[in-house]
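Below is one structure; the comments refer to it alone.
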Number of protein chains: 2
Amino acid sequence: MALQNIRIVIVEDDNLIRDGFALLINSTYGYTIVNAYNNCEDAIKHLPEDAPDVVLMDIELPGMNGIEGIEKIKRLRPKTNIIVVTVYDNDSLVFQALCAGAGGYLTKNMQPARLLEAIKDIQEGGAPMSTNIARMVVSSFQKNRNSPLTARETEVLELLSKGKSYSTIAEEIFVDKETVRTHIKNIYWKLEVHSKAEAIEKALKHKLI
Amino acid sequence: MALQNIRIVIVEDDNLIRDGFALLINSTYGYTIVNAYNNCEDAIKHLPEDAPDVVLMDIELPGMNGIEGIEKIKRLRPKTNIIVVTVYDNDSLVFQALCAGAGGYLTKNMQPARLLEAIKDIQEGGAPMSTNIARMVVSSFQKNRNSPLTARETEVLELLSKGKSYSTIAEEIFVDKETVRTHIKNIYWKLEVHSKAEAIEKALKHKLI
DNA sequence: AGAAAATCACCCATTTTGAGGGACTCCGGC
DNA sequence: GCCGGAGTCCCTCAAAATGGGTGATTTTCT
């Protein structure tokens, strides 16, 4: 079988970490660091020549940050697999990175060997994540189990959040428009809001829908 | 250090698979199968006595299906960790299961040892997933990179999808209401729709927002 | 039996929406 | 230097949607 050599680019501003990763990866058969940068701008400039299969991307960087970097790289070479490697594990950054196009997310407290596994995993169609990141991602799907809203109210609010009008909602759940109005009035009262936008905002924030 | 014995319940209607899992797990130190059922109803009935830390749940089951089962179990014992183990890997089922409260999702083509890893992982705050499932989950965050909409139009549509009115959107992005109206007219033209609800529906479907 | 949930009704004023026109900048690519 | 896309703003019009108030009946579950 032909050797499939995985071409890897590192973007990381800490020299020690960058060189450490490079050494580890280069000394592994089948993995090659084609280049290592300390900022996104340079990495993007050399993207055509480097032609990486995988980019290991830090988030906090001088100049363009990692999130923007991910976006630009994915726009220029959509097939590039990007794994974020960072110390940050707060919700906002993780979801921003994934939305921008990251295919994996590791926090720097991993064992070095995990890095190699992750590269292999993402090349095989996986999405390598540190345990805490995976949990955050999965949790993001789950609703609040202590919603003040009834099942029907939740259903109505969900349809409302899809931009549907009272009349459309009424048709879809086979009740009168007046009933929908009553449900919405009760929703507003329970959520202590006075408009559709406020209700949706609060519902999303508390994961009621 | 005190032995931490993980209490596990299996819900799986295939006798062969169920007994296989049970044998594997019971023969591993620190893991105990407290009970194994071939349907959700029985598992839920015995939930208080079984007091499982982890439930391994199949999806296709006689009677109540796995999704409903997950919901009920999480409602009764929210701290129970549920791992779905199934042959199905289509988007809809995966997201339904995660929304219902599953904390992990494995497809049955795994190596048996993966099951033990997964149980350990979920007990330690992770979210074990098969590679293809992880990729599906991560992909669900990513937007279509070939949107027909401009950046501004996307921004407007995003705000519209949060239930905001033209005037509110105008205020938030510091332009005139008339400008918002123009953007929305262009959005409708590009998406070939004639209302807010249709636009949002189409945008969500094609992951434009 | 009582409470919570779900259903429908009617009033009113205001805001929002969708569709049709037209017009003016600013900027990047050719 | 010109063209076109993107973004901005303006006007009119009629229909639809929204939010608030008040009240009432039925169903469901405990």
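Hydrogens, waters and symmetry mates play no part in the numbers below; they use all other heavy atoms, side chains included. Predicted model only: the values in this text are computed from it and were never measured. Quick note on labels: first sequence line is chain A, next is B, and so on, each numbered from 1.
When the side-chain nitrogen and oxygen atoms of B:T179 are compared with OP1 and OP2 of D:dC9, one or more of them lie within a distance under 4.0 Å. Listed pair A:T182 / C:dA6 fails the phosphate criterion, with no side-chain N or O lying under 4.0 Å from OP1 or OP2.
Candidate nucleotides C:dC8, D:dC9, D:dG7 were compared by shortest atom distance to the side chain of B:V175, and D:dC9 ranks first. Nearest to the side chain of A:D176, among C:dT7, D:dC11, C:dC8, sits C:dC8. Nearest to the side-chain atoms of A:R152 among the listed nucleotides C:dA9, C:dT7, D:dC9 stands C:dT7.
Neither side chain, B:T168 nor B:E172, offers a donor N or O lying under 3.5 Å from an acceptor on the other. A donor and an acceptor atom, one from each side chain of A:S92 and A:N90, are nowhere located under 3.5 Å apart. Looking at A:N15 and A:R18, their side chains do bring a donor and an acceptor atom within 3.5 Å of each other.
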Provide a list of protein-nucleic acid N or O atom pairs under 3.5 angstrom, restricted to nucleotides 13-19 of chain D.
{"unit_1": "D:dA17", "atom_1": "OP1", "unit_2": "A:S165", "atom_2": "OG", "d": "3.4"}
{"unit_1": "D:dA17", "atom_1": "OP2", "unit_2": "A:S167", "atom_2": "OG", "d": "3.2"}
{"unit_1": "D:dT18", "atom_1": "OP1", "unit_2": "A:K196", "atom_2": "NZ", "d": "3.0"}
{"unit_1": "D:dT18", "atom_1": "OP2", "unit_2": "A:Y166", "atom_2": "N", "d": "2.9"}
{"unit_1": "D:dG19", "atom_1": "OP1", "unit_2": "A:K196", "atom_2": "N", "d": "2.9"}
{"unit_1": "D:dG19", "atom_1": "OP2", "unit_2": "A:Y166", "atom_2": "OH", "d": "2.4"}
{"unit_1": "D:dG19", "atom_1": "OP2", "unit_2": "A:Y188", "atom_2": "OH", "d": "2.8"}
{"unit_1": "D:dG19", "atom_1": "N7", "unit_2": "A:R181", "atom_2": "NH1", "d": "2.8"}
{"unit_1": "D:dG19", "atom_1": "O6", "unit_2": "A:R181", "atom_2": "NH2", "d": "3.2"}

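As a whole-Å value, the separation of A:H183 NE2 from C:dA5 P is 11 Å. Rounded to an integer number of Å, the gap from CG of B:N186 to C1' of D:dG4 is 14 Å. Counting to the nearest Å, the P atom of D:dG20 and the CD atom of A:E178 are 15 Å from each other. At whole-Å resolution of the value, NZ in B:K185 and P in C:dT17 are 13 Å apart. Note: CG (A:L149) to P (C:dA4) measures 16 Å, nearest angstrom. What separates CH2 of B:W189 from C1' of C:dG21 is a distance of 17 Å, to the nearest Å. Rounded to an integer number of Å, the gap from B:I169 CD1 to D:dG7 P is 15 Å.
A donor-acceptor distance shorter than 3.5 angstrom exists from the side chain of A:K207 to the backbone of A:S140, with no hydrogens or angles considered.
Partner B:K196 forms a side-chain contact (heavy atoms from CB on, under 4.5 Å) with one of B:I187, B:I184, B:L160 and no other, that one being B:L160.
Environment of NZ in A:K120: sparse, with no more than 12 heavy atoms of neighbouring residues, nucleotides or ligands closer than 6.0 Å.
Looking at A:L61 and A:D13, their side chains come closer than 4.5 Å, going by heavy atoms from C-beta outward.
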